[in-house]
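Values in this document were obtained by computation on a predicted structure and should not be read as measured data. Computed over heavy atoms, backbone and side chain alike; hydrogens, waters and symmetry mates excluded. In the text below, chain A, chain B and the rest are named by the order of the sequence lines, each starting its count at 1.
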Amino acid sequence: GAVVSQHPSRVICKSGTSVKIECRSLDFQATTMFWYRQFPKQSLMLMATSNEGSKATYEQGVEKDKFLINHASLTLSTLTVTSAHPEDSSFYICSARGSSLAASPLHFGNGTRLTVT
Amino acid sequence: GENVEQHPSTLSVQEGDSAVIKCTYSDSASNYFPWYKQELGKRPQLIIDIRSNVGEKKDQRIAVTLNKTAKHFSLHITETQPEDSAVYFCAAGYSSASKIIFGSGTRLSIRP
């Protein structure tokens, strides 16, 4: 149980375009999802907390207009990188928990490797 | 906010020996401490976690200890095997339901 699916796994886009990444909970309803960013050989940096039906809570230093998060349903959260630039190239990973899994650990998606050319 | 520091950044041990990774955290309100293993290009996988009402937890070759007074927690891997080679992250949070903050990671290499 507690499977989190993330799509796409890899994406290459041109500078100035926008990219959408999807995070789905496949076998549970995710009231909260978390978006992380990981640079090569570095740690996972929390970007934002996404709550179903409400605005995301962004960590300090993360531009909310740059990284748009939508959590419109209990099984789907999306992260849109707007006007992407080469410095946005990174590994983006989501994680999720559900209302019935309050005592359970977070489970991660497979991640999306974004390359901006 | 919470800050988690992790040491060492790299660790190389002989197969069969033990490996120890240490972390400290800053927020005394944190009460949930998971450890994740991440292989290259893959998602982090939870290997063990501990809550603040417990001082030690063991699962086969893996054990975690927690000292809440000192705000330290450690991962111990005994009888290391080649498949233990990976990057290990500690993390801290208020509960498994809240956000968790990761340490900087330890790249563990097991020498045959």
Side-chain angles (χ1 to χ4, degrees), chain A residues 1-7 9-10 21 23 28-52 56-62 69 90-115, chain B residues 1-11 21 23-25 27 30-54 57 59 62 64 85-109:
Chain A
V3 177
V4 177
S5 173
Q6 191 172 337
H7 179 81
S9 57
R10 291 178 181 270
I21 302 169
C23 182
F28 66 100
Q29 294 184 326
T31 54
T32 306
M33 289 185 174
F34 303 92
W35 287 94
Y36 288 85
R37 180 176 182 176
Q38 186 177 34
F39 289 107
K41 296 185 179 182
Q42 293 191 25
S43 186
L44 291 91
M45 301 300 296
L46 180 65
M47 299 175 66
T49 301
S50 168
N51 294 297
E52 187 268 335
T57 302
Y58 289 81
E59 295 298 305
Q60 191 173 6
V62 178
I69 292 173
S90 188
F91 193 52
Y92 294 87
I93 311 178
C94 69
S95 66
R97 64 162 286 263
S99 58
S100 60
L101 295 173
S104 298
L106 296 177
H107 293 274
F108 285 84
N110 270 328
T112 297
R113 185 162 302 284
L114 170 63
T115 302
Chain B
E2 178 63 273
N3 182 50
V4 179
E5 295 192 355
Q6 183 171 347
H7 300 281
S9 57
T10 60
L11 179 61
I21 302 171
C23 289
T24 61
Y25 61 99
D27 191 342
S30 290
N31 57 15
Y32 175 65
F33 307 93
W35 286 86
Y36 285 84
K37 175 183 181 181
Q38 186 180 30
E39 298 178 1
L40 189 62
K42 296 187 177 180
R43 76 179 90 192
Q45 297 275 11
L46 179 74
I47 55 172
I48 195 167
D49 58 11
I50 191 168
R51 299 174 193 277
S52 61
N53 57 345
V54 175
K57 184 177 179 180
D59 182 5
I62 296 173
V64 58
S85 295
V87 179
Y88 291 80
F89 292 99
C90 62
Y94 298 121
S95 72
S96 61
S98 71
K99 66 181 183 182
I100 58 173
I101 302 300
F102 283 81
S104 53
T106 296
R107 185 171 299 276
L108 175 63
S109 301

Contact origin within Leu44(A) toward chain B - heavy atom pairs under 4.5 Å
both
Go through Ser104(B), Gly41(B), Gly105(B) and name the one with the most non-hydrogen pairs under 4.5 angstrom from chain A.
Ser104(B)
When the 4.5 angstrom heavy-atom criterion is applied to Gln60(A) and chain B, the contacting part is neither
Between Pro40(A), Ser9(A), Ser43(A), who has the most heavy-atom pairs with chain B when the cutoff is under 4.5 Å?
Ser43(A)
Would you give the length of the straight line joining atom CZ of Phe102(B) to atom CD of Gln38(A), rounded to the nearest 0.5 angstrom?
9.0 Å
So which of Gln45(B), Arg43(B), Gln38(B) actually passes side chain to side chain contact (heavy atoms under 4.5 Å, CB included) with Phe108(A)?
Arg43(B)
Heavy-atom proximity to chain A below 4.5 Å, by part of Pro34(B):
neither
